[in-house]
Number of protein chains: 2
Amino acid sequence: MNRINLGKISFPPDDATGQAPHLPRDDNVMAFTHELGGVVTLARWERADCCDSIVANGGICWVLSGIIRKCLILESGQRRIIDVMMPGDFFCLQKDDARPFSFEVSTNETVTARIARREFDSLATLQPSLYRFFHERICQTIFRLEDHILVQGRTTSTQKVGSYLSLLCSRLTEQPGTAVVLPMSRYDIADHVGIAVETVSRAITELRRQGVIQLETPRCLVVRDAGKLADGILSDIA
Amino acid sequence: MNRINLGKISFPPDDATGQAPHLPRDDNVMAFTHELGGVVTLARWERADCCDSIVANGGICWVLSGIIRKCLILESGQRRIIDVMMPGDFFCLQKDDARPFSFEVSTNETVTARIARREFDSLATLQPSLYRFFHERICQTIFRLEDHILVQGRTTSTQKVGSYLSLLCSRLTEQPGTAVVLPMSRYDIADHVGIAVETVSRAITELRRQGVIQLETPRCLVVRDAGKLADGILSDIA
DNA sequence: CGCGGTTTTGAATTCAATCAATGACAGTGG
DNA sequence: CCACTGTCATTGATTGAATTCAAAACCGCG
């Protein structure tokens, strides 16, 4: 992880790469990052990188581009994915955290930002709008986790996968009905939702059979019936 | 919901009531509440109250005593419990929230505090330590939700119930090995963990049979083997 | 005492995990 | 260029587990 001054990072163009999914750019977070200035530590990662090092000293982290997942490896050896962070998403770190979390990079051209708690506090004391923005983003993190608790609480596996894909797609694109490139494998979905890989695959097949979704390739899906996909979890996402 | 000035609320003595479980008192949160002064709206509730009204205008809420659960009633009619809040726990509210959450009071003598976002910001701008404390508590909320995602992600129902009880007990008492009065029914546990009531009951019976826990009454349990109960979810809770 | 709600247990069914195998695909090295 | 290898995705058959349906035991309370 190398420290880079702000402005020295060149972000990949939105429409390029094909491989990396199209993610909505969050201008507010960019502004926030610039506001904090040179005290922010940026880091660039590639797919499958393990970016545990950002946790080393605690602090406040957020994603500027790409996708990162927060994982826990259980004693049994199986991996659980706790959260998937996309541009604009914050994740708070505590060096005295009870759990040995690990962080995996899911897409190329991933850029994270980090600031020590002490540094942030001294800046934000002078400029309380930083606190307010941070609060807002932290609440988004809470909503994300609450959503996921609802997903995992569904009864059937098809409902779990459906509502999961529904939330994922609504985060990946602003225009419903567009093709979405899934930034994760079936294994990742399984480890996030808490079911077996084969069950994920069967659920996706079932949803496709029902015409709820449509698959261009295994990784590229189009939501045909957002209501049925969400199935009562969401109330307003079109 | 009636507005009460700070200091006018008399909290139940720690050792009384028998019915209400013994909850660790959080002095920091009390100090925080006093610091904010008269702008805080307190409310006292009884068991089975529906305190949706606190959500009416958004803002920041926290629990001073008792237990409150955050629920969502699905279209199918089934209730999902998203979170269980105890003294010192915060829950952020947004009036433009997409979901029709509801809040249920779980114990008598429950007291909540609420402050409008605008009011809090103007106070905290003058006194940034309020922001810092609030951040710390919000992070606790995130940890709580992450913990629960791990609980729901366990494979077998016995693991789910075991790790859930483990977390619950560690929040309800500071001394491990003590008898704990569960502040919720089997139905509540089922709706929180996402399994059927009968399965919860069977899991508890199984844990008792293994000697991992011991039941004085159906609602009062003693953890005999905390390690086996947590089963790899926790790393440090004794 | 009877009543409503809670907890527990039992039996049958349904569903997901597991085991096993195949196909699709990208990358590698001959 | 093609076989080889590893990963990912899908499907089938079987086993195991949880839900469902049903009922009994228990408890606090009027």
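A, B, ... follow the sequence lines: proteins, then strands. Residue 1 opens every chain.
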Listed nucleotide nearest any side-chain atom of A:Tyr187, set C:dA16, D:dA9, D:dT10: D:dA9

Describe, in one word, how the ring planes of A:Tyr164 and A:His148 are oriented to each other, choosing from parallel (under 30°), tilted (30 to 60°) and perpendicular (over 60°). perpendicular

When you measure from the side chain of [X] to the backbone N and O of [Y], does any donor-acceptor pair fall under 3.5 Å?
| X | Y | value |
| --- | --- | --- |
| A:Ser65 | A:Glu109 | yes |
| A:Gln152 | A:His192 | yes |
| B:Thr107 | B:Ile67 | yes |
| A:Asp191 | A:Asp188 | no |

Would you mind telling me which of B:Thr141, B:Leu72, B:Leu145, B:Ile149 makes a side-chain contact (heavy atoms from CB on, under 4.5 Å) with A:Glu146? B:Leu145

Atom [atom1] of [X] to atom [atom2] of [N]: distance rounded to whole Å?
| X | N | atom1 | atom2 | value |
| --- | --- | --- | --- | --- |
| A:Gln152 | C:dA16 | CD | P | 15 Å |
| B:Ile189 | C:dT7 | CD1 | P | 8 Å |
| B:Leu182 | D:dC27 | CG | P | 16 Å |
| B:Met184 | C:dT6 | CE | C1' | 15 Å |
| A:Ile213 | D:dA9 | CD1 | C1' | 13 Å |
| A:Glu206 | D:dT11 | CD | P | 11 Å |
| A:Arg209 | D:dT10 | CZ | P | 15 Å |
| B:Asp191 | D:dT19 | CG | P | 12 Å |

Respond yes when some side-chain nitrogen or oxygen of [X] is under 4.0 Å from OP1 or OP2 of [N], and no when none is.
| X | N | answer |
| --- | --- | --- |
| A:Thr199 | C:dA17 | yes |
| B:Ser157 | D:dA18 | yes |
| A:Arg219 | D:dA9 | yes |

Under the criterion side chain to side chain donor-acceptor pair (under 3.5 Å), which of [options] is the partner of [X]?
| X | options | answer |
| --- | --- | --- |
| B:Glu206 | B:Gln210, B:Arg202, B:Arg208 | B:Gln210 |
| A:Trp62 | A:Thr112, A:Asp89, A:Thr33 | A:Thr33 |
| B:Glu104 | B:Lys70, B:Arg47, B:Arg69 | B:Arg69 |

Categorize [X] for me: base, sugar-phosphate, or nothing, with a 4.0 angstrom heavy-atom threshold over every strand shown.
| X | answer |
| --- | --- |
| A:Ile195 | sugar-phosphate |
| A:Thr205 | sugar-phosphate |
| B:Ser185 | sugar-phosphate |

Scan nucleotides 22-25 of chain D against the protein and return all N/O pairs shorter than 3.5 Å with their distances rounded to 0.1 Å.
none

Polar atoms only, N or O, under 3.5 Å: list the protein pairs with nucleotides 13-15 of chain D and their distances.
| from | atom 1 | to | atom 2 | distance (Å) |
| --- | --- | --- | --- | --- |
| D:dA13 | N6 | A:Arg202 | NH2 | 3.4 |

Sub-4.5 Å side-chain heavy-atom contact between B:Arg79 and B:Ile73: yes

Hey, which sits more toward the 5' end of DNA chain D by its nearest nucleotide, A:Thr155 or A:Arg208? A:Arg208

